[in-house]
Amino acid sequence: MQTESSDSMKETVAELLQSALEALKSEGVLPSDQTFSPQVGNTKDKAHGDYACNIALVASKAAGCPPRQLAEDLIKRLPESGAVDKVEIAGPGFINFFMNTASAFEVVNTILEQANQYGRNQNGKGEKVQVEFVSANPTGPLHVGHGRGAAIGDCLCRLLGANGYQVTREFYYNDAGAQINNLALSVQARVKGLSPEDESWPDDGYRGDYILDVANAYLAGETVTADDREVTGKADPDDQAAIQEFAVAYLRREQDLDLKAFGVQFDVYFLESSLYEDGKVEAAVRQLNENGFTYEQDGAMWLKTTEFGDDKDRVMRKKDGGYTYFLPDVAYHLDKWQRGFSTVINEQGADHHSTITRVRAGLQALKAGIPEGWPDYVLHQMVMVTRSGQEVKISKRAGSYVTVRDLIDEVGRDATRFFLAARRVDSQLTFDIDLARSQTNENPVYYIQYAHARICSVLRKLEDEGVNRGRNESVGDLSLLTLQEEKDLANQLARYPELIENSANQREPHHLTHYLRELAGQFHTYYNAHKVLIEDTAVRDARVTLYLAVRQVIENGLDLLGVSAPEEM
RNA sequence: GCGCUCGUAGCUCAGCUGGAUAGAGCAUCGGCCUUCUAAGCCGGUGGUCGCAGGUUCGAGUCCUGCCGGGCGCGCCA
């Protein structure tokens with residue numbers, strides 16, 4: 001038997017409506033030269049059935065009759081279907097579909113069969129997608145903003161993977177330039193025994209305690225191994241180049257450790273300097289020149305970004321002959337395009353939003369066949385950290401900001417990831433340390449994990465009673481599930497695949513956190529209202545089967561968030 | 001000043017492509033542990049969806065203006 005997911009249930013309804021619409025067309029009630037595509041939506045209120053359609057409201061003008069009249073005509077022409085129990089007209093002309101209860105539970109078997117594949121689809125058809133995120137320069141530990149980027153970027157990658165895309169995670173950074181030079185000077189100052197309070201401490205030097213750690217490791221001749229490089233400290237206080245190389249490797253390693261602790265890994269580390277070494281920056285300049293989008297003025301070379309929507313032209317080569325940051329950025333993105341990524345998503349802090357127009361303009365000016373509006377950007381707003389209602393600004397290690405490591409140490413990886421991914425990216429986020437630490441229902445992470453642990457606990461109890469079930473073995477007769485809570489749960493489970501699709505397409509991972517919160521809530525309600533380990537083993541088995549499906553979806557969802565699903569708490 | 005963005009309950013936030021009486025949690029008030037994990041459940045209180053117009057059969061959602069917060073406006077990255 002063909003199992004049906006929510007999507008196909010919805011499609012069934014849409015097909016029924018389509019058929020009725022065609023009938024009205026052939027009868028001349030609706031104009032035959034127009035196409036009507038019925039939108040079938042989920043209902044908020046159970047009184048409105050399981051699905052609702054607004055087509056009668058949309059098409060009433062074309063039909064030249066009141067929406068309720070049109071709805072009635074449509075309903076009369078709906079083909080018979082076993083999946084639908086009842087159809088009603090409601091309000092101004094909505095058509096509400098009440099689905100057959102038994103068919104609502106078919107999703108349970110689908111989930112158990114598909115297991116960790118449930119909710120995944122092949123919409124992406126293996127298309128190559130690249131997501132660039134974090135991309136912190138190696139000048140210090142990752143801060144909360146990077147953490148938000150890591151949580152969002154990684155979740156986005158997982159979601160895209162679940163939608164059948166082939167995802168590459170990339171981290172772009174600069175190991176040369178002014179910031180890095182400043183880093184080297186700061187470490188060198190520490191190597192020579194200076195501290196930030198001393199008068200000869202470099203201007204704008206990095207003041208955090210971690211600089212001292214780097215200096216000590218350098219003097220001790222330590223070897224540091226990051227994901228993409230390995231350097232041994234030379235212990236020479238006067239060799240600034242050696243200090244710089246060591247410091248970069250040291251801080252890259254620190255960041256890698258933070259990211260590993262956070263459960264985030266990258267496929268590619270891309271160095272800005274490589275764009276110069278490979279001649280890609282020069283090649284981009286040549287192409288821009290050839291295409292006639294550059295000019296000299298005030299001793300600098302400018303790019304006519306205004307021809308591509310920017311509000312003023314931008315300097316690409318400075319008076320001193322060096323390039324501004326945005327030129328390697330353009331070369332970098334050309335390289336991404338040439339690597340075959342038809343979709344590229346850059347996850348960054350919103351403070352970088354001005355680069356979007358420039359990079360896109362530069363890419364258009366290259367005339368390389370790159371579509372306008374490429375690449376995509378996901379920009380997240382700032383994060384404020386609070387404790388006891390007060391903003392926390394200082395970390396001892398970093399000095400002037402709160403680090404990802406601080407949060408992981410204090411509230412754990414799961415809560416940190418969840419909280420940083422749980423808000424819309426374009427809203428500013430308040431990270432409440434007290435809330436993230438709390439172990440009650442006010443903390444959504446524990447709330448969701450607790451639902452999972454409870455299910456596992458019930459299964460353990462069942463095992464103690466000598467009843468062993470395969471991991472996803474469907475034993476119960478699902479027709480014994482007659483409670484409203486059970487149907488609600490099944491409907492929520494059925495929504496999951498659509499959610500995975502929407503979250504990825506809209507690049508909005510936070511939907512997942514809210515979905516899981518809701519699912520867990522429905523489960524807790526059900527759990528408290530009705531026991532599962534009851535005398536009636538037939539009903540018990542049916543309920544346990546539903547439990548298994550809930551557990552599977554919670555696991556699948558938490559996995560996409562990079563949050564663990566503990567079996568006991 | 002210009003650009004981007006946000007403005008929903010006392011607080012932190014949802015509200016997916018415009019849809020039917022705007023939802024959670026916290027806080028607050030009151031119930032539920034001899035019952036599968038109370039890290040839980042049930043109920044009450046609490047809203048002119050910043051303001052004003054517009055589009056629409058229908059607007060928290062789209063458009064315009066204003067007010068307020070954030071970010072950006074370097075030959076820094």
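Protein chains get the first letters and strands the later ones, always in sequence-line order, with residue 1 at the start of each.
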Considering every strand shown, what is the Watson-Crick or G-U wobble mate of B/rU48 when both distances are under 3.5 Å?
-> none

Using the six-membered ring of A/F308, assess whether NZ or CZ of A/R360 lies under 6.0 Å from its centre and within 45 degrees of the ring axis.
-> no

Under 4.0 angstrom, heavy atoms only, what part of the nucleic acid is A/M569 near: base, sugar-phosphate, or nothing?
-> base

Closer than 4.0 Å, any side-chain N/O of A/Y527 to the OP1 or OP2 of B/rU35?
-> no

B/rA14: pairing nucleotide in any strand, Watson-Crick or G-U under 3.5 angstrom | none

What does A/A300 touch in the nucleic acid at a heavy-atom separation under 4.0 angstrom: a base, only the sugar-phosphate, or nothing?
-> base

Between A/H514 and B/rG25, does any side-chain N or O lie under 4.0 Å from OP1 or OP2?
-> no

Expressed in whole Å, how much space separates the C1' atoms belonging to B/rU17 and B/rC26?
-> 32 Å

Paired with B/rG43: which nucleotide, if any, by Watson-Crick or G-U wobble criteria at under 3.5 Å for both distances?
-> B/rC29

Would you indicate which nucleotide in B/rC57, B/rA24, B/rC36 comes nearest to any side-chain atom of A/V58?
-> B/rC57

Distance, C1' atom - from B/rC49 to B/rU61, rounded to whole angstrom = 10 Å

Below 4.0 angstrom, N of the basic side chain to O of the carboxylate: do A/E508 and A/R423 qualify?
-> no

B/rG7 pairs with, by Watson-Crick or G-U criteria that keep both distances under 3.5 Å = B/rC67

Between the protein and nucleotides 30-33 of chain B, are there any N/O to N/O pairs under 3.5 Å, and if so, what are the atom names and distances?
none

Any A/S427 side-chain N or O less than 4.0 Å from OP1/OP2 of B/rA14 | yes

CZ on A/F133 to CD1 on A/I152, rounded to 0.5 Å = 10.5 Å

Which pairs, protein N/O on one side and nucleotides 1-4 of chain B N/O on the other, fall under 3.5 Å?
unit_1 : atom_1 : unit_2 : atom_2 : d
B/rG3  : N2     : A/H353 : NE2    : 2.8

Taking only side-chain nitrogens and oxygens of A/K44, does any of them come within less than 4.0 Å of OP1 or OP2 of B/rA20?
-> yes

